[in-house]
Protein chains: 2
Amino acid sequence: MDQWQPLTVPVQANPVGNVEERRLAAPGLAISTVIFALKPSETSGRPTLWLPLVRRIREPFKGQWALPGGPLRHDESLPEAASRNLLDTTGLAPRYLEQLYAFGGLHRSPAQRVVSIVYWALVQPEEAELPGEEENVRWFRADKVTDLAFDHQEIVDYALWRLRNKMEYASIAFHFLGEYFTLAQLREVYEAVLDKPLDPANFRRHVTNAVGIEPSDRYLQGGKHRPPRLYRYTGPAPSSTPRTAPNTARNPS
Amino acid sequence: MDQWQPLTVPVQANPVGNVEERRLAAPGLAISTVIFALKPSETSGRPTLWLPLVRRIREPFKGQWALPGGPLRHDESLPEAASRNLLDTTGLAPRYLEQLYAFGGLHRSPAQRVVSIVYWALVQPEEAELPGEEENVRWFRADKVTDLAFDHQEIVDYALWRLRNKMEYASIAFHFLGEYFTLAQLREVYEAVLDKPLDPANFRRHVTNAVGIEPSDRYLQGGKHRPPRLYRYTGPAPSSTPRTAPNTARNPS
DNA sequence: ACAAAAGTGTTATGTGTACACCCATGA
DNA sequence: TCATGGGTGTACACATAACACTTTTGT
């Protein structure tokens, strides 16, 4: 019941000629990443979730959009491989990076079998500008991506679910923002990701009571009205839970 | 900060001769599984957490205890590979199986580099008897395992953390029990895993209010006192959340 | 002065926890 | 009838949610 049938992720899928070769070849191993950032909506201007995709320049799925990714090199760890590949393909260097899931279904890639270890990442608006060429790397609204190569659509859906889920119990919203932010900005992050309005008064209490967030003595000037105080994320309390484990995430049901 | 430096898991690590060969060889891919079951403590007789380990019969770490695991075959999905390998090495066929994490550190295995996709599983007491030979497969108390091969100690620690964490918000305790069980038995599962006593009264309300658990018209006879009612786990409500995602787990911090 | 967002107070409702108590059965 | 675990009731602490209200700024 809770078991699950994965699908197929590739990247650098060097097609192996025939069926017999496929039977014998060891499964390929690739690293891919789903990157999230908040950017203003084209219509409302309010912040919404976006993610960068790269256009495939070879078969299979040539011309279609796919997650950035590539093979795992011999001298890099899994997160190192994810970071390095992100920089190569999109020019992005996310501060937050976490393993999402390993996808290893039999027919994810048409030619050689590929197992993909997928990461997910959050980037701040400043670092979210794509230095790469506009042709083959482009931002898409996270809830509107479609026709992705391989099983990347399901991977994106899962990453989205994980982001929303984790947002509700962990302190990750800060990674979408710069060092200093107002509580209204932080609330907009939650509203954009969870896609529902939040009560400003209750949100304030909730977040100021939480650990790891400190008021600064600075205020955001230049607004139309009363300047709001700027806050900083100082991380969990210095002597917080010394986790012994790799990952840190909940799962439902 | 939330990024994490994995370690090393192998299985079937066919040592590749020299450093140069290691540099060039593609990373190996293995599947391992942490299996949990509840068995009576040797001392108190109360249920406690146990897990089966297999003794390594070749280098590296020859003679030491390790997680059951093996290579991924070309014609099986990841969970299929985990199940098949479990049956081969331990004779166990867990009903609950879920992906835990992918461990891919550079030096997990001394010779060839190995990336391990690790699953975790829960088995019921009936199916927890080891048909295999006693020599090379044995049950250990989960909180007392030590001197494991490779990075398997950290993997076990992480799986333990995940089990305890997930136990607090998901309906997985049932997988330790048979079809019919009393609320006291279910409570003992929670107490054993979380290692703290629970209020019977509040536990009863909590669990009977939850969906997916139904009282039967049967009672457990043969006890010393009033026979308790037997309950059944019917799974989440038939038309429950149609998850689109592979895995289902939360993470802290 | 007025509009609008920042920020505070108050109350209703729900949920977790501690614990007193009754119920049903075997011995 | 008595001991014991099964099972129910209840009161308190605390978190969440809804919303009225005051404060501070720019225009």
Side-chain angles (χ1 to χ4, degrees), chain A residues 40 44-47 164-165 167-171 173 177 180-232 250 252, chain B residues 40 44-47 164-171 173 177 180-233 250 252:
Chain A
S44 74
R46 297 169 51 77
R164 293 189 168 123
N165 182 254
M167 186 82 91
E168 293 186 330
Y169 63 86
S171 299
L177 298 170
Y180 290 90
F181 51 86
T182 70
L183 293 186
Q185 288 169 343
L186 185 61
R187 181 166 46 83
E188 282 182 324
V189 173
Y190 278 87
E191 290 178 336
V193 172
L194 302 180
D195 195 29
K196 66 177 179 187
L198 297 176
D199 185 308
N202 294 332
F203 181 83
R204 159 182 304 276
R205 265 184 293 260
H206 189 74
V207 75
T208 51
N209 286 343
V211 296
I213 178 165
E214 301 294 340
S216 76
D217 51 0
R218 300 174 53 184
Y219 293 80
L220 179 62
Q221 305 292 344
K224 295 200 182 92
H225 302 291
R226 172 176 174 181
R229 181 185 290 271
L230 288 167
Y231 288 78
R232 289 203 317 159
R250 287 182 186 161
Chain B
S44 74
R46 297 170 50 77
R164 294 190 167 121
N165 181 254
K166 188 152 189 172
M167 186 81 92
E168 292 185 330
Y169 63 85
S171 299
L177 299 170
Y180 290 91
F181 51 86
T182 70
L183 293 186
Q185 288 169 343
L186 185 61
R187 179 166 48 81
E188 281 183 324
V189 172
Y190 278 88
E191 290 179 336
V193 172
L194 302 180
D195 196 28
K196 65 176 179 186
L198 297 176
D199 186 309
N202 295 331
F203 181 82
R204 158 181 304 276
R205 266 185 294 261
H206 190 72
V207 75
T208 51
N209 286 343
V211 295
I213 178 165
E214 301 293 340
S216 76
D217 51 0
R218 300 174 53 183
Y219 293 81
L220 179 62
Q221 305 293 343
K224 296 198 182 93
H225 302 290
R226 171 176 175 180
R229 181 185 290 271
L230 288 167
Y231 288 77
R232 291 202 316 159
Y233 176 60
R250 289 180 184 162

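Throughout, a chain's letter reflects where its sequence line sits, starting with A, and its residues are numbered from 1.
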| remark: Heavy-atom nearest pair, A/Val189 first then A/Ala173, reads CG1-CB, 3.9 Å

| query | What heavy-atom pair brings B/Pro47 and B/Glu188 nearest, and what distance separates the two atoms? | reply | CG-CB, 4.1 Å

| said: Between A/Ser216 (side chain only) and A/Leu230 (backbone N and O only), is there a donor and an acceptor less than 3.5 Å apart? | reply: yes

| message | What is the separation between atom CG on B/Asn209 and atom P on D/dG7, rounded to the nearest whole Å? | response | 15 Å

| message | Determine whether a donor-acceptor pair (N or O, by modelled atom type, separation under 3.5 Å) exists between the side chain of B/Glu191 and the backbone of B/Leu198. | response | yes

| Value in whole Å for how far the P atom of D/dA18 lies from CG of A/Leu198 | 11 Å

| said: Could you tell me how far apart A/Glu191 (CD) and C/dA5 (P) are, to the nearest whole angstrom? | reply: 13 Å

| request: For A/Phe203 and C/dT8, give me the distance from atom CZ to atom P, rounded to whole Å. | output: 15 Å

| note | Rounding to 0.5 Å, atoms CG (A/Leu220) and CZ (A/Arg229) come to a distance of 13.0 Å

| query | Rounded to the nearest 0.5 Å, how far apart are NE2 of B/His206 and CG of B/Asp199? | reply | 12.5 Å

| To the nearest angstrom, how far is B/Lys224 atom NZ from C/dG26 atom C1'? | 11 Å

| field | DNA chain C: 5'-proximal contact among B/Gln221 and A/Arg187 (nearest heavy atom) | value | A/Arg187

| query | Could you give the OH-to-C1' distance, from A/Tyr219 to C/dA5, as a whole number of Å? | reply | 15 Å

| Separation of C/dG7 C1' from A/Leu186 CG (nearest whole Å) | 16 Å

| task | Would you give a per-nucleotide map of nucleotides 13-24 of chain C, 5' to 3', where B means the base has a protein non-hydrogen atom under 4.0 Å away, S means only the sugar-phosphate does, and - means neither? | result | ----BBB---BB

| Atom-pair distance (CZ on B/Arg204; P on D/dG6), nearest Å | 8 Å

